[in-house]
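Reckoned from all heavy atoms, side chains included, excluding hydrogens, waters and symmetry mates. Naming: A, B, ... by sequence-line order, numbering from 1 per chain.
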Amino acid sequence: MSQYTPAEIEARWQQAWEKNETFKAVRDASKPKYYVLEMFPYPSGRIHMGHVRNYTMGDVIARYKIATGHNVLHPMGWDAFGMPAENAAMAIGGHPKDWTYGNIAEMKKQMKPLGLSIDWSREFATCDPEYYGQQQALFIDFLAEGLVYRKNAIVNWDPVDMTVLANEQVEAGRGWRSGALVERRELTQWFFKISEYSNELLEALDSLDNWPAKVKLMQANWIGKSRGLQFAFSTVEAPEGHDRIEVYTTRPDTLLGASFVGISPDHPLAKELEKDNPAVAAFCTECRKGGTTEEAIETAEKLGFDTGITVRHPFDTAHELPVYIANFILMDYGTGAIFGCPAHDERDFEFATKYELPIISTYLPSEESEEILAAAYVPAKTDKVFYNRGFAGEPWQTGNEAIDAAITFCEENGIGQGVTKFRLRDWGLSRQRYWGCPIPVVHCDDCGVVPEKKENLPIELPYDVDFDTPGNPLDRHPTWRDCPCPSCGKPATRETDTMDTFVDSSWYFVRFTAPDATTPTNMEDAEYWMNVDQYIGGVEHAILHLLYSRFFARAMEMTGHLPKSANEPFDALFTQGMVTHEIYYTRNQFRRQDTDEAGKEISVGTTLAVWHLPEDVVVGEVDGQRVGVLKNDFNTSLSFVENFDKVKDDPKKKVDIIPSAKMSKSKKNVVDPLGIIANYGADTARWFVLSDSPPERDVEWTASGAEAAFKHLNRVWNICDRISQMDKDAKGEGDEDLLRAMHKTIHDVTMGVESFGFNAAIAKLYAFTATLQKSKAGHAAQREAIMTLAQLMSPMTPHLAEDIWAHQGGEGLIVTAPWPKADEKMLVDDTVTMPIQINGKRRAEINVPADMAKEEVEKIALAHEAVIRTLDGATPKKVIVVPGRIVNVVA
RNA sequence: GCGGGCGUGAUGGAAUGGUAGACAUACCAGACUUAAAAUCUGUUGGGCCUUGUGCCCGUGUGGGUUCGAGUCCCACCGCCCGCACCA
């Protein structure tokens, strides 16, 4: 009798795979290829359970595809540029490069024991000069194609990180990383022309059948297509050069309801007026300062400044409208100017009420309706309404119909043009930071901005930099900045901005197809391996990373680095849920002045939560409530309730529990994968993160659940051990039943794996294990059953599976053994149990041959005692027989 | 505000329109043990009585379609997520 020893077998089988080069991906035209990829990690230095779940899911797919005869590419790398490395250098000293490569080595060491089917020969980090040098080559090609440009722009400046952020990286007015309030600054910046692809990126979403609808929708909203009318008001008594104000509207049908024109404080006209009117200047300055926090936006009052200028209504030049500078109008959307229609826009209504401007309805719910003046009337654009002030189309029409008619009318009458606008703006990629990919251009007094010559790539980051002063160390590097102009050879200076790290992750998946190529890609490899057949990652990347990557694929096609077929680089996308855990805390009341962990002062009487690691708490149930006791206070010779009684009145010792939340270091509700692997082995960790919850949902890590996974793997191993010790010629009972159950399990697990139903697949494996454990079948059948079970488990628990395979004398490695096929004949039982319903309620069951004729089944059903009793002499109106499923008698 | 998703036992969750609650946790009971742990076995949606091969109710609430609805349709309630002065 031997034992399940994960620590020993996991190391052994990992060595076997490595020696065999099982996961090395080599182009092979004779096999269908399959590229599976998990979003690569940032090398923080420690893996967490989220990583384990993410990579395990990818591994299940990869191993399943290997077993079904695919040539699988399953690579791994490191998203290694970015600010944490610089912050660490500033906080604790050292160099970002050393910190990053140290973390990579450490994390790789932690990942290896998971036994993932990764081709490590393709590994790279985005901070490798070999990688970012090719990225620089791409940049130069993009520049030549006009896909990158430089412009003066008002940018989001993060005062904490001392860098510029893309619009996408500002969340509710705060930097996505630092959380600092973002300021507006004008700087010369590099931009990718992603907006040129707005329509293309929007429309191509339709072709992504294997993407979650939610992600496609988020991207569509982000791109934000709108159709409207652009036209100009002519001004009265405006400064020179401002005789027209261009406006954009999505509701041209409400043009006759216009009661004012509003312009942004950043509008050229506002800036002109600002010059010699201090009141305007004061107002605009106030607006620009305007809070960008969520609360500020929500509570912000609509503020306007009457410029005294008026404009003529395009339909009636005698009708003049006042021009206001208003704080709620954004310069970077539309034209930075609007006309206000208070009757049909809540925001305009609020503004009009405040400044006593007319409220003029253009449409009403019915012909008899009074004009609505108490609130804006904003029905859905698909509702039919009555246009009391319509000028195009029918009196009764939907908003959409009216908009189309209004645009046509205005175009025909030379008032304006129909225009499609997008919310998506160009992607600002300049960052004033050290630890990123240098932008490969040179500034020359004579030649201007000149791209670096490709033979000079990579432009490597200098190692000798200091982080003692804030700002970009490249800017003050003594020699790195100075270089000859690539065009004329005269002394010039390098661009010191580096690229946004989202650039690094926008094409890494392509680089995996030829990581050592001396050009960004190798077309043969790209054509063979692209696209990524299955991409797996967190939903937090639904917009930025995926949108940028889709843009990059197109830009790389345009510059000859990718085939057109790779325009949508991810055929299928799966967004997995997080790993959560409940949170444990005690309370600490401060009796004297003290400081908390962050050094902040705590005043007397303050009660603070003290968080505890799961491993430091014993959890139990008292009066139906989950509570805990600190392990240090726990007396193991007493029951949980007795222990709890001793601490329940002491808030410093009684542990309260907050329901499951995302694992976070600050709340200490983390479980260290290394600890789990040390205690139970990687297979247990892998099995658990896949069981219990559907992969797209969050899974709660529980100690009992992990324990159960471990017990189950032991059970499977013990069954294997028992079967090995059976008499090889032993005959038994129920061979047929066991094999039937086996084939059903093959079928169900295969379906589960194919459809990301890992939790359901695991449930079937539990059930089949129980069947096998109880089976009295002969040796041959049991051996077949355990070997098949091992194969079905192998994507999830590959080490245990290999060990069972070897014990039973399986040929070669299980990882390369062909996936078992369910025998159709074995899936259909000879006899089936059919429930009999009377009026939809189950009343009886019958056992009948599976292929019995409907009429026969009906006869047996009607003859059933319970049916006769329930019918009580009544004649059934109708009998529905669904072969093999159910009988329903309608009385 | 706009857009999307989800509501099933004590808990996580199963159910191509066809026996609701698979599988797991937790709880309870039993076996083994001096005892505990481990292991194994069994019970567990609610209610009713006449304790049966029994009946009634039950997938957020109300309605509808259907022989049959957790599943499809409509309305409402609740929760979650994304976007948001976007003209």
Indicate whether OP1 or OP2 belonging to B:A84 is found under 4.0 Å from a side-chain N or O atom of A:Arg423. yes
Send over the distance from A:Arg697 CZ to B:A14 C1', rounded to a whole Å. 11 Å
For A:Ser691, report the nucleic acid contact type (base, sugar-phosphate, nothing); a contact means any heavy atom under 4.0 Å. nothing
Think A:Arg347 has a side-chain N or O under 4.0 angstrom from the OP1 or OP2 of B:G1? no
Would you kindly give the NZ-to-P distance between A:Lys711 and B:A24, to the nearest whole Å? 12 Å
State yes or no: are the ring centers of A:Phe758 and A:Trp687 separated by less than 6.0 Å? no
Quick check on contacts: within residues 751-767 of chain A, what sits under 4.0 Å from RNA chain B by heavy-atom distance? A:Asn759, A:Ala763, A:Tyr766
Can you check ring pair (Phe, Tyr, Trp, His ring centres under 6.0 Å) on A:Tyr248 and A:Phe231, steps first, answer last? CA-CA 7 Å; A:Tyr248 173 71; A:Phe231 69 100; 9.8 Å; no
Heavy-atom pair of closest approach, residues A:Thr580 and A:Ser660: OG1-OG, 2.9 Å
Pi-cation contact, A:Tyr333 with A:Lys421 (under 6.0 Å, within 45°): no
Over how many whole Å does the gap from A:Asn714 atom CG to B:A24 atom C1' extend? 17 Å
Sub-3.5 Å pairs of nitrogen or oxygen atoms, protein against nucleotides 62-70 of chain B:
unit_1	atom_1	unit_2	atom_2	d
B:C67	O2'	A:Asn888	ND2	3.2
B:C67	O2	A:Asn888	ND2	2.6

If you take the centroid of each ring, where Trp contributes its six-membered ring, are A:Phe260 and A:Tyr355 closer together than 6.0 Å? no
Rounded to whole Å, NZ of A:Lys841 lies from P of B:G58 at a distance of 8 Å
Once hydrogens and angles are ignored, does a donor-acceptor distance under 3.5 Å link the base of B:U19 to the side chain of A:Arg843? no
Return the minimal non-hydrogen interatomic distance between A:Phe283 and A:Ile325, and the atom names on each side. CE2-O, 3.4 Å
Is A:Ile329 touching bases, backbone alone, or none of the nucleic acid, heavy atoms closer than 4.0 Å? base
Check the orientation of A:Tyr680 and A:Phe710. Use parallel for under 30°, tilted for 30 to 60°, and perpendicular for over 60°. tilted
Any side-chain donor near an acceptor of the partner, A:Gln219 and A:Arg550, under 3.5 Å: yes
Describe the nucleic acid contact of A:Glu845 in one word from base, sugar-phosphate, nothing, applying a heavy-atom distance below 4.0 Å. base
Counting only side-chain heavy atoms from C-beta out, which of B:C40, B:G13, B:A87 sits nearest to A:Leu330? B:A87
With nearest nucleotide decided by heavy atoms, which residue, A:Val882 or A:Arg251, maps closer to the 5′ end of RNA chain B? A:Val882
Pairing residues for A:Arg244 by the salt bridge (charged side-chain N to carboxylate O under 4.0 Å, His left out) criterion, not counting sequence neighbours: A:Glu246
Calculate the interatomic distance between A:Phe688 atom CZ and B:G12 atom P; express it in whole Å. 13 Å
Ignoring hydrogens and angles, tell me if any N or O in the side chain of A:Arg53 forms a donor-acceptor pair with the backbone of A:Gly577 under 3.5 Å. yes
Assert yes or no for the condition that the ring centre distance of A:Phe756 to A:Phe574 is strictly below 6.0 Å. yes
Taking atom P of B:U16 as reference, at what distance in whole Å does atom CZ of A:Arg885 sit? 9 Å
Residues in side chain to side chain contact (heavy atoms under 4.5 Å, CB included) with A:Thr833, at least two apart? A:Glu845, A:Asn847
Judged by nearest nucleotide, the residue sitting upstream toward the 5' end of RNA chain B, A:Glu346 or A:Lys774, is A:Glu346
Please determine if a side-chain N or O atom of A:Arg715 lies less than 4.0 Å away from the OP1 or OP2 oxygen of B:C40. yes
Which part of the nucleic acid, if any, lies within contact of A:Thr702, taking any heavy atom under 4.0 Å across all strands shown: a base, the sugar-phosphate backbone alone, or nothing? nothing
Looking only at B:G4, B:U19, B:C86, the nucleotide nearest the A:Arg842 side chain is B:U19
State which of B:C81, B:A87, B:G13 makes the closest approach to the side chain of A:Ser693. B:G13
A:Leu827: side chain to side chain contact (heavy atoms under 4.5 Å, CB included) partners, not counting sequence neighbours: A:His743, A:Lys744, A:His747, A:Ala822, A:Glu824
State the dot-bracket string of RNA chain B. Criteria: Watson-Crick or G-U wobble, both atom distances under 3.5 angstrom; notation: ( ) intrastrand, [ ] crossing earlier pairs, | interstrand, . unpaired. (((((((..(((.....[....)))(.((((.......)))).)(((((..).))))..(((((..]....))))))))))))....
